[in-house]
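Convention: sequence-line order gives letters A, B, ...; per-chain numbering from 1. What you are looking at is a predicted structure, and each value in this text was computed from that prediction instead of being measured.
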Number of protein chains: 2
Amino acid sequence: MARPSSPLLSREKIGRAAIGMIDDGGELKIQPLAKELGVSLSSIYHHVDGREGVIHAMREVLSAEYALNIPDQGSWKEDLKAKMDSLWRLYSDHPRVMIHLLGVTVEEPRTLTLYESLIDVLVSAGVPETELLTTIEVLDAFAFGAALDALSPQVIFSPESEDSRLTKLIENHPAGAERNHLLYRRGLDFIIAGIEAGIPQSQPLTARTRSNR
Amino acid sequence: MARPSSPLLSREKIGRAAIGMIDDGGELKIQPLAKELGVSLSSIYHHVDGREGVIHAMREVLSAEYALNIPDQGSWKEDLKAKMDSLWRLYSDHPRVMIHLLGVTVEEPRTLTLYESLIDVLVSAGVPETELLTTIEVLDAFAFGAALDALSPQVIFSPESEDSRLTKLIENHPAGAERNHLLYRRGLDFIIAGIEAGIPQSQPLTARTRSNR
């Protein structure tokens with residue numbers, strides 16, 4: 001059976017190819033992307049609006065791939081952790097891509113749904129309305145910073161002195177992915193403790209959490 | 001008086017020129033850097049060891065420029081905030097540079113001193129030894145994520161529906177630098193609350209803090 005001489009192009013194919021190139025350390029440039037896809041530049045521009053359009057296409061692909069809209073099933077802390085874990089997996093699987101996504105307004109419905117669902121959890125926790133967006137931004141910035149930390153070299157600190165406190169602490173510290181995972185877990189716990197401390201304590205927490213579910 | 005035909009090259013000059021290029025959105029490449037400095041490639045290689053050497057030179061310049069080693073003068077929380085503010089200013093003034101620094105082992109004495117001094121503050125707060133390095137990594141990752149957030153567009157979210165909760169929250173939310181600064185402050189408060197919650201409560205905090213100073 002005859003196969004088409006060039007693959008059928010789509011926003012999704014463009015997004016996937018761009019993600020692959022950037023994950024591999026490449027830059028975001030349309031010409032090499034067209035070459036990679038085996039199509040002409042004008043074919044790409046038929047589907048996406050330039051460089052920024054490629055970024056939107058990448059975000060669409062990633063938002064669909066990561067199950068970001070996890071159903072609520074536990075306490076607000078458990079729900080928040082489950083949603084953040086999913087966001088963090090997205091970020092830490094594709095840290096270089098995220099650096100590009102950062103600069104472009106989020107307008108993809110699936111991505112917006114993720115942030116809406118994080119807000120829902122914070123509302124159920126009793127976070128005051130005026131604090132909701134800043135709290136989401138803190139969680140997002142931390143997840144992003146923790147994910148980028150995964151690009152760190154295996155040896156992060158190399159003190160000259162063998163007597164320094166840092167040298168001794170590093171000896172007993174995990175490295176690589178284990179270190180990165182530990183910092184993400186601990187940081188999220190810290191932030192959740194801080195969010196909890198900022199919730200107005202007018203009713204016992206358990207009662208409020210239940211009444212809002 | 002005759003001026004030298006080419007400026008005297010140094011690691012510092014190379015570092016400063018590289019920082020300027022990357023801050024302006026350029027890539028980290030030696031050839032354009034040599035052109036910018038008006039010197040030959042071999043002159044640069046005489047001072048720094050390739051691309052990674054330029055990264056070390058940039059870190060030396062930035063570590064010297066930001067007064068990272070602030071004398072302790074208050075409670076551990078105040079001291080920690082003062083040191084973190086300095087780190088955050090460094091990161092948020094040069095977010096693109098930081099993305100490059102991230103991948104290269106820290107061996108610059110001044111930068112190591114900053115981390116050592118952060119560890120000192122956490123020790124004085126009573127953070128258990130096994131938690132020191134992870135706590136530093138959490139603080140660092142958050143400061144980095146918050147600084148990169150400054151590269152966000154003026155409009156971060158653009159929901160399609162005017163009725164969505166996100167749309168309403170955005171209306172009353174600060175934008176740009178004010179938004180970014182607010183998220184940094186709040187996130188640092190959250191993390192400090194989390195650190196405090198993890199400190200073993202065997203003695204009253206104030207007594208322990210004093211006895212360790």
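When heavy atoms are compared at a cutoff of 4.5 Å, A/E27 approaches chain B solely by way of its side chain, counted from C-beta outward. Using a 4.5 Å cut-off between heavy atoms, B/L102 contacts chain A through both its backbone and its side chain. For A/L188, no part sits under 4.5 Å from any heavy atom of chain B, backbone or side chain. Contacts between A/Y115 and chain B at a heavy-atom distance below 4.5 Å involve the side chain alone, from C-beta outward. The contact between A/L166 and chain B is made by backbone and side chain atoms together, counting heavy-atom distances below 4.5 Å.
Highest contact tally toward chain B, considering only A/G103, A/G187, A/A146, A/A197, is held by A/G103 [criterion: heavy-atom pairs under 4.5 Å]. Per-residue heavy-atom pair counts under 4.5 Å with chain B were compared for A/R165, A/R185, A/E107, and the maximum is reached by A/R165. Comparing B/V106, B/I119, B/I99, B/V155 by heavy-atom pairs within less than 4.5 Å of chain A, the highest count is held by B/V106. Highest contact tally toward chain A, considering only B/I170, B/L132, B/L148, is held by B/L148 [criterion: heavy-atom pairs under 4.5 Å]. In terms of non-hydrogen atom pairs under 4.5 Å with chain B, the most contact-rich of A/L133, A/L151, A/I136, A/I191 is A/L133. The candidate with the highest count of non-hydrogen atom pairs below 4.5 Å against chain A, out of B/A147, B/S164, B/P109, is B/S164. Per-residue heavy-atom pair counts under 4.5 Å with chain B were compared for A/L139, A/D149, A/L182, A/D140, and the maximum is reached by A/L182. The greatest number of non-hydrogen atom pairs below 4.5 Å with chain B, out of A/P159, A/A143, A/A193, is found for A/P159. Looking only at heavy-atom pairs under 4.5 Å with chain A, the residue among B/T130, B/N172, B/T135, B/I192 that has the most is B/T135.
The heavy-atom pair separating A/P153 from B/V104 by the smallest distance is CG-C, 3.8 Å. A/D79 and A/G74 get closest at one heavy-atom pair: OD1-N, 3.0 Å. Nearest heavy atom pair, residue A/I22 against residue A/V97, reads CG2-N, 3.7 Å. Here the closest heavy-atom approach between residue B/A57 and residue B/V48 is recorded as CB-CG1, 4.1 Å.
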- Please report the C-alpha distance between A/F144 and A/L87 in whole Å, then the side-chain angles of each, then the deciding distance to 0.1 Å, and finally whether the side-chain contact (heavy atoms from CB on, under 4.5 Å) criterion is met. CA-CA 9 Å; A/F144 190 46; A/L87 186 65; over 6 Å; no
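Residue B/E129 places its CD atom among 12 or fewer non-hydrogen atoms of other residues, nucleotides or ligands, all under 6.0 Å distant. A 6.0 Å sphere centred on CG of A/D49 holds no more than 12 heavy atoms belonging to other residues, nucleotides or ligands.
Atom-to-atom distance recorded for B/R89:CZ and B/Y184:OH is 8.5 Å, nearest 0.5 angstrom.
A salt bridge is defined here as a Lys NZ or Arg NE, NH1 or NH2 lying under 4.0 Å from an Asp or Glu carboxylate O, and B/K81 with B/D189 meets this definition.
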